[in-house]
Amino acid sequence: MTDGTLDYAAVGFICGLEVHQQLLTAHKMFCRCPAGRYTETHDGTVFRHMRPTLSELGEYDGTALMEFKTRKNIVYLLNKENVCTYEMDDTPPFLVNQQAVDIAIEQCVMLGCDIVDEVHIARKQYLDGSIPTGFQRTAIVGVNGTIPFRGRALSVTQVSVEEDSCREVRDEGHLIIWRTDRLGMPLIETVTGPELRTPEEVEEAILLIGRVCRSTGHVRVGLGASRQDVNVSVRGGRRVEIKGVPKASWAPRLVHGEAVRQVNLLALRDELHRRGFADAASIAIEHADVTDLFAASELATLRRDAWERWVSEEDRRPGFELGAGPFCVRAVRLPRLAGTLAWPSQPEHTFAHELAGRVRVIAGLDQPPILFHSEKWPDHRGALAELRHVRARLHCAAEDAVVVVWGPTEDTLTAADEIRLRYVDATQGIPNETRQPFVDGSTDFERILPGPDRMYPDTDSPPSRVTRERVERLSTGLPERPWDREARYAAVRVPRGTIHFLIRRGGARLVDRVVAEAGADLRRACFFFGERVKGLRRNGVAVQAVPPERWVELFRLAGERPILWENWGRLVRRMAAAPDTPVAEIVAAEGLGVAPKAWKASVPAQWEAAAAVAADGDRERVARLLIGRLLEDLRGKVAVADVAAAVDREMQAKGDGR
Amino acid sequence: MTAPAADPLKGYTGLARRKLGEWGVKVWSDVRLVNDRGSVFEGVILPRSGNYDDLHLVIKLKNGYNVGLHVDRVVSVTEVGYKEAIYKIPEKAFPSRPDLPSVTLLGTGGTIASRLDYRTGAVIPAFTPGELYGAVPELADICNLTTKKIFGIFSENMAMEQYITLAKAIGEEIANGAQGIVIGHGTDTMGHTAAILSFMVQDSPVPIVLVGSQRSSDRPSSDAALNLIHSIRTAAYGDIAEVMICMFGPTSDRYALLHRGTRCRKMHSSYRSTFRTVGAIPLAMVSRDSFNYLTTDYAKRDPARRVRVDPVYNDRTTILYYYPGMHPDLVDALVEKGYKGIVIAGTGLGHVNKPLYPALQRAVAAGVHIVMTVQTLWGYVQMYVYDTGRDLLDLGVVPLENMLPETALMKLSWVLGHTDDHAEVMRMMRTPISHDITPREPHNGYLIMQGGLPETEAFIQQHWK
């Protein structure tokens, strides 16, 4: 067991990524609906269920069977703005969007992949309802790529192009509701090898792949446009997928927590083996309906009247959220398993949480706290007597543990069996599963991790040929790879943070353009776009309205008259306010770049005015004040050094005169 | 269905076939393959669709994805094993319970039960009670099921021979004591089959239910399982002893509708709720646990009634779907080729253009039986309103009121199996057998809600689609 600190190398931590990135296409992947149009209202609803089907090789997929067991009622919310009858699975797919395939090929080239010669659409089964067909249409486009990472090569196992899934609205009991607007938008999934060695590397690799994807400008940015699944295991453990990590910065805590969880669960496995539990046959639980024992309990959760009130308040409807059968409190006896419920798992969690996750998802029992157990029994008045009665009813010995679940009878039966199955899994170590991440760094069970048996060829779609000519054509227009660009910028001493910002937000394309077209200095251009313009945008200046040609004009003019840089802020604000106006016109209108006639002649008079304000007669202070006043008008017209020199001369003259 | 060929290079032709031969590998070989960029592909060589090019081989990777590789880019292939896929729904003996009614499921094909065909990449039907039980175990709680595979064909291949065989099979099953019959059928021509069976099998004591699916059963979202459950419940417990179609009411998993065989039509190429009763209302709604009869005007289940099977058919019949500017020689050609019956799907109230008249007259004179239906589908033929209609009547074109064009074709084929006497043909055509003509159209018999209207939008906001 671990107290929460880990030597990652010592425990054999390995991690790989599946980075999802939406592509910037006008339309969705298999229909002609607009992509990227999100709505929060709906004008139609569909009610469905899912059933597992056989894979191409004649096997049922384990996840599919598990998800069937959950008996989910699935509701889809439709909006005519962004879905047609394809998304609701009432029309077969149209031919695959070749713009999406092209962008996917570009991404593969950027990631150093070998592009397959024929793209075959497959169906990847998901029975959670996230896709109304029950499968995601997906296809491998590239394989065998590498990207430079921390002085070594990070392998890109494969890149696939696929349709995005629905957005979850809510999941209560047996009902899950999905919004369909995002469904069908094209995205690519980049899968790396399991080569990341520390939580910090995981975050860095996510950011790196993000930079590669975004550097083409052909992918979507913004909330939800990129999400990653992080696969973690430790030595002796198994791959666990933390699904849909929305931000790279969440990753280190999540993967650390998962590594801790696996180390602890492996220790639990060893403990189970010590106690003689090594396989499914050795885990024999018993359970009984103990509703009557809690009929007058002070623990309202376990009383029928409180349950009925909760069902009514939460509007749990039969046939939708609510499972089948009358209210039941079910106690499960876990023979010779005392001490395992409080066994640590992920930080701040115990093995009982593992059971609760399964019960919530598979049995659909989700009233908090989902279960009670003998190693953390509630402390209401009479609680211990109640526990004694439960133990007596189940004929528990001292070394037995007890778990109590409640809800519709059928669901409590499913829950009892699920608790048994989770212990069976525990005897084998770490179950392959998908876990849902939370902001506090913890995770919870989402589903069993699907295997290759859930893949099935899409008989509705013909394969798309990818000729070498097509790959060549798409490769020629691509930007430099981020690591090459990073090396080039770093060579002129641009800080790494600035470089990453420029690549991520598209500024690097402007940098290279002004260098190429206006002969700009690379370092100056990087700082200009990566620091100065960024600062203005943060202050609300609409710099994004300025078209690239105007920036080229600015650098060209400033190349001829470097003095313009001294008032770049004013100039850029004017450019942002009038993006259609040529920069030369703005410069002329503002009188920039040209020293006003006789500005020097006005200095003595202005000295007197300044001296009147600085009444103490300190000449240094007067000089500073005067320089500031003069520059209000002269900045960008006369060099600051010249203004300072003129004022200095005046100060000297005044000194001499005294 | 043809048996799968024993070709070890199934679907591969030309260059790809030659290369596979050179490498000494075949379909289902588990291989390690390296291409000219040094990329390694490990997996099983799959059969290729015969419609695709001869440049690529398809490999199923270990992660379940398929990719196509150009054979000219392949540098080396090593066979490491052989892994033939056996796609089979787990077969379990269908349990029998003495307290449950007996239902026979007759299979004709279609997507109600199906699997993948590697040669074409398409879905082909699969069907045994054991497989059905493996896929939809709920069926065992409804009835004792017997299944008989009559054919395994797509519904577009159903024709005279199959109609006759099917009608006879139904008669035998009823004679054998089936308390209900379900017919698994492709949806494309389910309406045609339902219509012809309405004429060939009359006075059935038990329900005869046609069912199919719009999403094949190899998809998790398939409507096949629920359609099977609904139709088998209808056959086992329903009160309507007529030929019916049982398919989704809305596209949501809520309930099925029972449509009368002569009045039903597939109205959308892909929606689950594709079947609609035309010119009348459906007979009933069926859910997992209830029937909601929408009318009392049906033949009730009655074990004492004696079924009459009358399986005759003449397939020298056709539908002439009239369009503006149709040339009369089309009609002449039909006569010349020996067609005996023509159902015109006319415009509006039942019209065709004047240049066709002489050809129609020649056809009638040649002994061809011509009847008129409407291509509007809803509404009656009324040939007295306009001169054109009256002229057609004078030519001997016989109006069929509100009989659907496909139903009229099926009925005319059946009638011509009995007689060629014009007066008798027309008497039989105009005498309703199973609501193929109805005396009146209720105002809710025509309800195509127009999307976009505020009241329609309000309605669909509040109901499952």
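These numbers come from the heavy atoms of this one structure, side chains and all, not from hydrogens, waters or symmetry mates.
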Quick one: what part of Thr91(A) sits under 4.5 Å from any heavy atom of chain B, side chain, backbone, both or neither?
both
Distance-only donor-acceptor check, side chains Ser221(B) and Arg51(A), under 3.5 Å
no
Quick one: pull up CG in Asp36(B) and CZ in Arg468(A) and give me the separation to the nearest 0.5 Å.
7.5 Å
Pairwise side-chain contact, Glu118(A) with Asp53(B), heavy-atom cut-off 4.5 Å (strictly under)
yes
Side chain to side chain contact (heavy atoms under 4.5 Å, CB included) between Leu61(B) and Ile140(A), intermediate numbers included
CA-CA 10 Å; Leu61(B) 303 176; Ile140(A) 289 186; 3.6 Å; yes
Under 4.5 Å heavy-atom distance to chain A, tell me which part of Val136(B) shows up: side chain, backbone, both or neither.
both
Is the closest side-chain heavy-atom distance between Tyr271(B) and Met88(A) below 4.5 Å?
yes
Any idea which heavy atoms bring Val46(A) and Ser252(B) closest together, and the distance?
CA-OG, 3.3 Å
Under 4.5 Å from a heavy atom of chain B, the part of Ser160(A) involved:
side chain
Please report the interatomic distance CD1(Ile121(A)) to OH(Tyr65(B)), rounded to the nearest 0.5 Å.
10.5 Å
Hey, are the side chains of Thr45(A) and His463(B) touching, using non-hydrogen atoms and a 4.5 Å cut-off?
no
Classify the ring geometry between Tyr52(B) and His120(A) as parallel (under 30°), tilted (30 to 60°) or perpendicular (over 60°).
perpendicular
Select, from Val116(A), Val466(A), Thr133(A), the one with the greatest count of heavy-atom pairs under 4.5 Å involving chain B.
Thr133(A)
Measuring heavy-atom distances to chain B, does Leu78(A) have an atom under 4.5 Å in its side chain, in its backbone, in both, or in neither?
side chain
Using only heavy-atom distances, determine whether the side chains of Asp117(A) and His56(B) contain a donor-acceptor pair under 3.5 Å.
no
Tell me, please, whether Phe47(A) has Arg254(B) positioned over its six-membered ring: NZ or CZ under 6.0 Å from the ring centre and within 45 degrees of its axis?
yes
Gln461(B) vs Asp43(A), side chain to side chain contact (heavy atoms under 4.5 Å, CB included): CA-CA, chis, key distance, verdict:
CA-CA 5 Å; Gln461(B) 281 245 359; Asp43(A) 49 30; 3.8 Å; yes
Is it true that, when you exclude Arg473(A) itself, more than 12 heavy atoms of the residues, nucleotides or ligands shown sit nearer than 6.0 Å to its CZ?
yes
Which answer fits Ile115(A), side chain, backbone, both or neither, if we ask what part of it has an atom under 4.5 Å from a heavy atom of chain B?
backbone
With respect to chain A, which residue among Gly38(B), Gly68(B), Ser273(B), Ser39(B) yields the maximal number of heavy-atom pairs within a distance under 4.5 Å?
Gly68(B)
If you tally heavy-atom pairs under 4.5 Å between each of Val143(A), Thr138(A), Ile131(A) and chain B, the highest tally belongs to Thr138(A)
Determine, step by step, whether Tyr76(A) and Lys465(B) satisfy the side chain to side chain contact (heavy atoms under 4.5 Å, CB included) criterion, reporting the C-alpha distance in whole Å, the side-chain angles of both residues, the deciding distance to 0.1 Å, and the verdict.
CA-CA 10 Å; Tyr76(A) 296 106; Lys465(B) 287 187 77 65; over 6 Å; no
Greatest number of heavy atom pairs closer than 4.5 Å to chain A - which of Val40(B), Val67(B), Leu226(B)
Val67(B)
Out of His70(B), Gln462(B), Arg73(B), return the one with the most heavy atom pairs under 4.5 angstrom to chain A.
Arg73(B)
Check: Asn35(B) and Asp114(A) side chains under 4.5 Å, non-hydrogen atoms:
yes
Working to the nearest 0.5 Å, report the span between CE of Met50(A) and CZ of Arg219(B).
12.0 Å
Decide side chain to side chain contact (heavy atoms under 4.5 Å, CB included) for Thr251(B) and Arg48(A); before the verdict, give the C-alpha distance in whole Å, the side-chain angles of both, and the deciding distance to 0.1 Å.
CA-CA 9 Å; Thr251(B) 181; Arg48(A) 297 263 169 80; 2.6 Å; yes
Between the side chains of Ser270(B) and Asp90(A), is a donor N or O closer than 3.5 angstrom to an acceptor N or O?
no
